[in-house]
Amino acid sequence: MYRAPVDEITHALKAVSGLGEAIDDGKGGDLSVDLIDAILEEAGKFATDRIAPLHLPSDRQGSRLDDGQVTTPEGWKRAYLDWIEGGWNALPGPEDHGGQGLPMSMAMAAMEMWNSGSIAFALCPMLTMGAIEALEKHATDELRATYLEKLVSGEWTGTMNLTEPQAGSDLGALKTRAEPAGDGTYRIFGQKIYITYGEHDMTDNIVHLVLARLPDAPAGTRGISLFLVPKFLVNEDGAIGARNDVFCNGLEHKLGIHASPTCTMIFGDGKHGDTAGAIGWLVGEENRGLNCMFTMMNNARLAVGIQGVAVAEAATQKAVAYANERTQGRAPGWDGDGMSPIVHHPDVQRNLLTMKTLTGAARAICYACAHAIDMSRVGTDEEKRFWNERAGLLTPIAKAFSTDIGSEVASLGVQVHGGMGYIEEAGAAVFMRDARITQIYEGTNGIQAIDLVQRKLPLSDGACVAAYLDELDGVLETLRASNDTRFGEAGRYLEAAMADLRAATDWMMAKMADGEKQAVLAAATPYQHLFGLTAGGIYLVKGALGSANGVDRASPARFYAENLVGQSGALRDRVEQGAASLAAAGQALVA
């Protein structure tokens with residue numbers, strides 16, 4: 001059974017991401033170290049005691065659809081109501097609409113634990129939090145007054161409606177249309193697919209944020225607007241009114257996250273209301289919908305990275321527990337009676353330490369990204385710009401590296417279980433199934449790599465990435481100065497990885513300057529993994545250097561550096577040498 005690793009999470013927040021330093025510098029608002037511990041301890045209890053026990057039963061039961069109505073698994077609604085009653089949905093919400101206004105890094109730490117309990121459960125509030133931010137920044141005062149308080153409390157939930165059957169990642173191809181009604185509202189017509197929690201039974205209302213085209217909109221992404229379309233209209237007194245013309249037409253049959261209803265939504269079919277057309281309100285400016293939606297999507301990408309960390313943590317805990325219980329063979333040095341627990345076998349230890357350290361590395365990257373978001377909201381304009389760019393740089397790495405390792409770690413968890421891991425009743429396979437979608441939604445990891453190399457590396461003419469690499473080098477300088485023998489050869493391996501990352505970065509910047517787009521795109525994914533692998537290892541060292549209370553974090557950091565970071569040379573080769581072979585061999589795939 002999952003147990004929230006509160007000590008590991010608070011250590012990563014305070015000693016690695018920078019939150020502790022920010023509090024010391026007076027940039028943490030009313031937040032204190034003791035308050036961090038108290039909040040996350042309670043969030044961990046809810047994840048452990050209320051969410052995690054529902055994970056396997058809800059995965060087997062799933063959500064079901066009957067005549068447009070979705071019923072979530074047994075116990076789901078009660079757990080959600082208890083969750084919002086505890087005020088958890090309001091954690092990062094704006095204070096002037098009932099939120100607690102806590103930093104993004106605190107919200108992400110809590111979200112990690114709730115996702116470890118069950119990704120399918122945490123998906124619903126994740127999207128609601130994104131909707132809150134989009135409306136807070138871009139909606140009219142009237143829309144904010146009508147919807148934000150209910151969304152912040154969690155009494156209503158929010159969704160993000162982008163994808164259509166013919167328009168996946170290419171949003172320029174979407175066809176959903178919005179027709180002005182002449183009274184300040186619009187009539188929305190179209191179909192959206194893969195809409196998480198587009199319909200459910202946990203709240204009285206669902207607020208959909210929908211991308212659609214106005215009649216005279218330009219072609220492509222320049223002609224997309226954003227609209228708020230509630231499931232139920234809201235009366236002037238704030239009470240729920242008539243049903244809007246939007247409904248769920250089907251549920252996807254998925255590999256994992258079975259308890260989360262993934263819906264096909266129909267807008268404007270005439271199923272509800274006197275006339276066809278779902279009533280919606282414009283959010284932001286006409287034809288600027290993507291700008292508004294990216295407010296929601298960028299934070300959602302970080303939140304999906306947290307999902308990767310969360311499933312990796314849960315899979316690791318499950319594997320470690322099993323390895324201590326399962327006996328098989330006699331491990332070297334085993335002097336007990338009979339067979340030894342498999343945790344004593346070196347190969348099993350290698351798998352478990354790979355799982356543990358990859359999880360810690362990804363956690364640190366995600367928390368550092370969340371901290372950058374927090375810092376981008378305080379200080380001078382120049383400080384805000386610096387941290388906003390830092391958050392932009394880290395977001396694609398947090399999303400892609402963390403979800404890649406989420407799938408890898410979950411797969412290793414199945415391996416540790418052996419044949420039992422392939423049997424659903426053992427409870428290891430569910431993590432691998434749940435994790436797989438995280439590499440796809442909110443922008444596939446290939447799209448994240450393209451975003452990193454084409455949009456984020458050039459920020460401030462390369463000064464953003466240069467400052468970040470200098471910061472990582474600073475940690476290695478501290479390691480060298482410490483002369484701490486517990487780290488073994490970690491410094492040497494990480495210095496080599498940093499040299500590979502710097503060389504690959506210089507290569508990437510030069511190719512972009514020369515307009516060699518094919519080479520840049522071919523190298524984007526291995527470059528992204530090289531970046532995450534190196535940064536994650538250095539963050540583990542940083543956390544170990546700042547460790548206290550006798551906790552040994554140096555040994556895991558050493559394992560990561562001496563066993564995993566050596567991949568950096570091969571990744572650099574793929575960046576610098578892989579494009580030509582890819583172009584040549586890739587032609588054979590074209591029908």
Side-chain angles (χ1 to χ4, degrees), residues 2 47 50-65 70-77 79-80 83 111-130 157-163 168 192-203 206 248 250-265 297 300-315 318 399 402-411 413-414 424-445:
Y2 168 76
R50 295 290 286 115
I51 302 175
L54 296 174
H55 186 207
L56 283 178
S58 66
D59 176 74
R60 296 179 183 125
Q61 185 180 358
S63 290
R64 69 179 189 273
L65 175 67
V70 169
T71 302
T72 53
E74 184 177 351
W76 219 238
K77 182 175 181 178
Y80 179 81
W83 187 78
M111 285 294 290
E112 180 195 325
M113 294 184 280
W114 298 327
N115 275 288
S116 286
S118 173
I119 285 182
F121 180 90
L123 267 169
C124 185
M126 181 192 90
L127 289 169
T128 301
M129 291 176 185
T157 61
T159 71
M160 180 164 54
N161 288 248
L162 290 76
T163 308
K192 299 288 185 178
I193 62 173
Y194 305 150
I195 308 307
T196 301
Y197 279 92
E199 171 63 31
H200 60 81
D201 60 350
M202 300 192 303
T203 62
I206 303 170
C248 174
L251 291 184
E252 303 297 343
H253 300 281
K254 300 168 295 188
L255 177 67
I257 55 171
H258 294 152
S260 166
T262 304
C263 305
T264 298
M265 302 299 298
M297 288 176 65
R301 287 172 173 173
L302 171 58
V304 172
I306 288 291
Q307 289 182 335
V309 176
V311 74
E313 175 64 39
K318 184 79 171 63
K399 194 278 183 185
S402 301
T403 57
D404 281 345
I405 73 96
S407 283
E408 180 180 350
V409 168
S411 180
V414 172
E424 287 288 355
E425 286 76 7
V430 65
F431 298 117
M432 191 166 71
R433 292 189 287 101
D434 283 352
R436 191 59 187 86
I437 185 58
T438 63
Q439 295 168 285
I440 299 172
Y441 59 20
E442 301 306 335
T444 66
N445 286 358

Quiz prompt | For Glu424, all residues meeting salt bridge (Lys or Arg N to Asp or Glu O under 4.0 Å), sequence neighbours excluded | solution = Arg433
Are any side-chain N or O atoms of [X] and backbone N or O atoms of [Y], one a donor and one an acceptor, separated by less than 3.5 Å?
X: Thr196; Y: Thr262; answer: no
X: Lys318; Y: Phe431; answer: no
X: Thr438; Y: Ala435; answer: yes
X: Thr403; Y: Lys399; answer: yes
X: Thr264; Y: Ile193; answer: no
X: Ser58; Y: His55; answer: yes
X: Lys77; Y: Met202; answer: no

Practice problem: Tell me, with the steps shown, if Tyr441 and Gln307 meet side chain to side chain contact (heavy atoms under 4.5 Å, CB included). | Solution: CA-CA 11 Å; Tyr441 59 20; Gln307 289 182 335; 2.6 Å; yes
Give the minimum heavy-atom separation between [X] and [Y], together with the two atoms involved.
X: Ala122; Y: Met111; value: O-CE, 3.7 Å
X: Val409; Y: Ala312; value: CG1-O, 3.6 Å
X: Ala310; Y: Asn115; value: CB-CB, 3.3 Å
X: His200; Y: Cys124; value: NE2-SG, 4.4 Å
X: Gly198; Y: Met265; value: O-CE, 3.5 Å
X: Pro73; Y: Ala259; value: CG-CB, 3.7 Å

As an exercise, state the distance from [atom1] of [X] to [atom2] of [Y], rounded to the nearest 0.5 Å.
X: Asn161; Y: Tyr194; atom1: CG; atom2: OH; result: 14.5 Å
X: Tyr197; Y: Thr159; atom1: OH; atom2: OG1; result: 13.0 Å
X: Asp59; Y: Leu56; atom1: CG; atom2: CG; result: 6.5 Å
X: Ile206; Y: Asp201; atom1: CD1; atom2: CG; result: 9.0 Å
X: Leu65; Y: Cys248; atom1: CG; atom2: SG; result: 4.5 Å
X: Asp434; Y: Lys254; atom1: CG; atom2: NZ; result: 9.0 Å

Quiz item: For Trp114, which residues count as a ring-ring contact (aromatic ring centres under 6.0 Å, His included) partner, sequence neighbours excluded?
Solution: Trp83, Trp88
Exercise. Take Lys192 and Leu162 through the test side chain to side chain contact (heavy atoms under 4.5 Å, CB included) and record every step on the way to the result.
Key: CA-CA 7 Å; Lys192 299 288 185 178; Leu162 290 76; 5.6 Å; no
Practice problem: Check the pair Thr72 / Tyr80 against side chain to side chain contact (heavy atoms under 4.5 Å, CB included), numbers first and verdict last. | Solution: CA-CA 11 Å; Thr72 53; Tyr80 179 81; over 6 Å; no
Quiz prompt | Verdict with reasoning, Leu251 to Cys263, per side chain to side chain contact (heavy atoms under 4.5 Å, CB included) | solution = CA-CA 5 Å; Leu251 291 184; Cys263 305; 3.6 Å; yes
Quiz item: Got a sec: does the OH of Tyr2 have more than 12 other heavy atoms crowding it under 6.0 Å?
Solution: yes
